[in-house]
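The structure appears right after this line, and notes come after that.
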Protein chains: 2
Amino acid sequence: MSSEEIDTRTRILDAAWRLLEQQQGQGVKMGDIAKAVGISRQAVYLHFPNRTDLLIATLSHVDEVKGLDKRLAQLEAATNSTEMLRACVEIWGNYIPEIYGMAKAMLQTRDTDEAMAAAWDSAMNCLREVCQQIIEYLASENRLSSEWSVDQATDFFWSQLSITNWETLTKDCGWSQQQYIEKMTSMLLKVLVS
Amino acid sequence: MSSEEIDTRTRILDAAWRLLEQQQGQGVKMGDIAKAVGISRQAVYLHFPNRTDLLIATLSHVDEVKGLDKRLAQLEAATNSTEMLRACVEIWGNYIPEIYGMAKAMLQTRDTDEAMAAAWDSAMNCLREVCQQIIEYLASENRLSSEWSVDQATDFFWSQLSITNWETLTKDCGWSQQQYIEKMTSMLLKVLVS
DNA sequence: TAATCAACTTGACATCGTGTCAATTGACAC
DNA sequence: GTGTCAATTGACACGATGTCAAGTTGATTA
């Protein structure tokens with residue numbers, strides 16, 4: 001029976017997540033989350049000191065449930081650097097739409113909230129490390145185009161994978177998920193690989 | 001003497017602009033702008049109905065003072081499509097840092113303000129038209145890489161010129177303005193031109 | 001059975017920024 | 001002198017976050 005009783009903290013995180021995705025990260029207030037859980041607004045503050053910490057905890061929660069780590073671990077299976085780059089774009093590119101609402105909310109608070117900025121930067125740094133590994137792998141196979149240093153190539157690769165870039169291409173330009181991944185992959189290969 | 005007396009509306013716009021650039025678009029309140037002009041907060045509302053309209057008017061004001069139109073008119077002088085692309089990246093890329101604070105503030109309010117979203121989209125659409133012209137020019141010279149349709153190439157070109165992309169590369173990755181323009185130019189040429 | 005404790009509730013309140021309203025002042029024009 | 005216009009002062013409403021105090025409820029424990 002203990003599996004029936006999900007603790008309130010988790011229910012809050014699930015509700016926050018659901019609302020954020022439903023509303024694309026727009027206008028999700030503490031009161032809305034509380035209402036969705038069925039508790040009072042103040043009760044939320046018994047579990048999270050403030051909105052920022054709740055959002056950050058939601059990100060960890062989602063990463064855990066969705067298993068980003070596991071997905072990225074698949075990269076090890078790649079037999080060469082370009083395969084790894086392809087796989088990375090596909091895994092990350094397909095992850096973005098699943099976390100878009102939450103990411104959007106975090107990006108919005110980031111500008112005015114020091115703690116959020118730090119949390120976001122640290123999350124994005126994980127992605128950057130993956131990018132860097134791939135670029136280094138590429139360089140070790142002597143396939144990194146001569147115009148790039150490892151650092152700059154990493155910068156470029158990582159910047160292309162930004163959520164706002166995905167947003168521009170899919171939401172503003174109307175690209176399908178498949179188009180995004182295909183175009184992004186072939187573009188990166190063309191630019192980075194000699 | 002009439003040239004001495006700058007009207008209050010203009011002084012508000014100048015102050016808003018100055019503060020926005022000074023503070024990189026962060027935390028510029030109506031009261032701050034009023035104080036900078038030397039009038040009461042309420043007096044600002046005698047000239048602009050709300051913050052959004054003030055920001056939008058500031059954008060027009062800056063565009064006018066900085067002469068973006070004039071700068072983009074230089075594109076006509078290009079003798080071929082790739083020269084035009086180069087010139088476009090240089091002109092726009094060098095324009096971004098001059099309007100960054102304002103743009104940042106607009107992007108922030110965009111998410112919660114319908115009117116701002118519309119104004120921003122329309123401003124960005126001007127840039128998009130320039131991008132499209134260049135891609136069409138490229139296509140007319142049979143130099144558009146075969147993997148791209150005109151529309152998709154325009155989408156990609158335009159998305160690369162986004163302010164957030166510039167922000168990521170220069171602010172987060174530490175690229176210099178010159179590096180940004182050089183890398184962006186050579187990347188776009190490599191990807192788009194056959 | 002009674003005391004205790006944790007989770008939660010209710011209601012009130014502070015803070016901050018935007019936007020509104022009413023009454024007033026001072027200068028300039030006719 | 002009267003009207004008008006730009007600006008001023010001060011008060012206030014609103015929405016969202018966050019805090020605080022006092023009370024309820026249900027399960028555990030002495």
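Computed from a prediction, not measured in an experiment: that's the story for all the values here. Residue numbers start from 1 in every chain, and the chains themselves are labelled A, B, ... in the order their sequence lines are given, proteins ahead of strands.
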Using the 3.5 Å cut-off, write out each protein N or O paired with an N or O of nucleotides 24-27 of chain D and the distance between them.
none

Polar atoms only, N or O, under 3.5 Å: list the protein pairs with nucleotides 27-29 of chain C and their distances.
none

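Within 6.0 Å of atom CZ in B:R71, more than 12 heavy atoms from other residues, nucleotides or ligands are found, so the atom counts as buried in its surroundings. For A:Q22, the CD atom counts as densely surrounded, since its 6.0 Å shell holds more than 12 non-hydrogen atoms of other residues, nucleotides or ligands. Counting non-hydrogen atoms of neighbouring residues, nucleotides and ligands closer than 6.0 angstrom, the NZ atom of A:K35 reaches no more than 12 such neighbours. Sparse packing is recorded around CZ of A:R86, with 12 or fewer heavy atoms of other residues, nucleotides or ligands lying under 6.0 Å away.
Within residues 18-33 of chain B, the residues approached by DNA chain C to less than 4.0 Å at the level of any non-hydrogen atom are B:K29, B:M30, in residue-number order. Proximity of residues 38-62 of chain A to DNA chain D (heavy atom under 4.0 angstrom from any strand atom) is restricted to A:R41, A:Q42, A:Y45, A:P49, A:N50, A:R51. The stretch residues 101-119 of chain B does not touch DNA chain C, since none of its heavy atoms comes less than 4.0 Å from the strand.
A 4.5 Å side-chain heavy-atom check between A:M30 and A:L54 finds at least one atom pair inside the cut-off. The shortest distance between side-chain heavy atoms of A:V65 and A:V62 does not fall below 4.5 Å.
Using N1 to N3 plus N6-O4 or O6-N4 for Watson-Crick, or N1-O2 and O6-N3 for G-U wobble, each under 3.5 Å, C:dC30 pairs with D:dG1.
Note: A:Y180 and A:W166 have perpendicular aromatic rings, judged against thresholds of 30 and 60 degrees for the angle between ring planes. Ring orientation note: the planes of A:W17 and A:H61 are nearly perpendicular, at an angle over 60° on the 30°/60° scale.
Of the N and O atoms on the side chains of A:T154 and A:Q132, not one donor lies less than 3.5 Å from an acceptor on the other residue. Neither side chain, A:E147 nor A:Q152, offers a donor N or O lying under 3.5 Å from an acceptor on the other.
Proximity of a side-chain donor or acceptor of B:Q26 to a complementary backbone N or O of B:Q24 within less than 3.5 Å is detected. Under a 3.5 Å cut-off, the side chain of A:D63 and the backbone N or O of A:L68 do not form any donor-acceptor pair. Without hydrogens or angle criteria, B:N165 side chain to B:Q160 main chain gives a donor-acceptor distance under 3.5 Å. In this structure a side-chain-to-backbone donor-acceptor pair under 3.5 Å is present from A:Q177 to A:G93.
Phosphate contact (OP1/OP2 of C:dA7, side-chain N/O of A:T8, threshold under 4.0 Å): absent.
Scanning for side chain to side chain donor-acceptor pair (under 3.5 Å) contacts around B:R110 gives B:D121, with sequence neighbours left out.
The NZ atom of A:K35 sits 14 Å away from the P atom of C:dT9 (whole-angstrom rounding).
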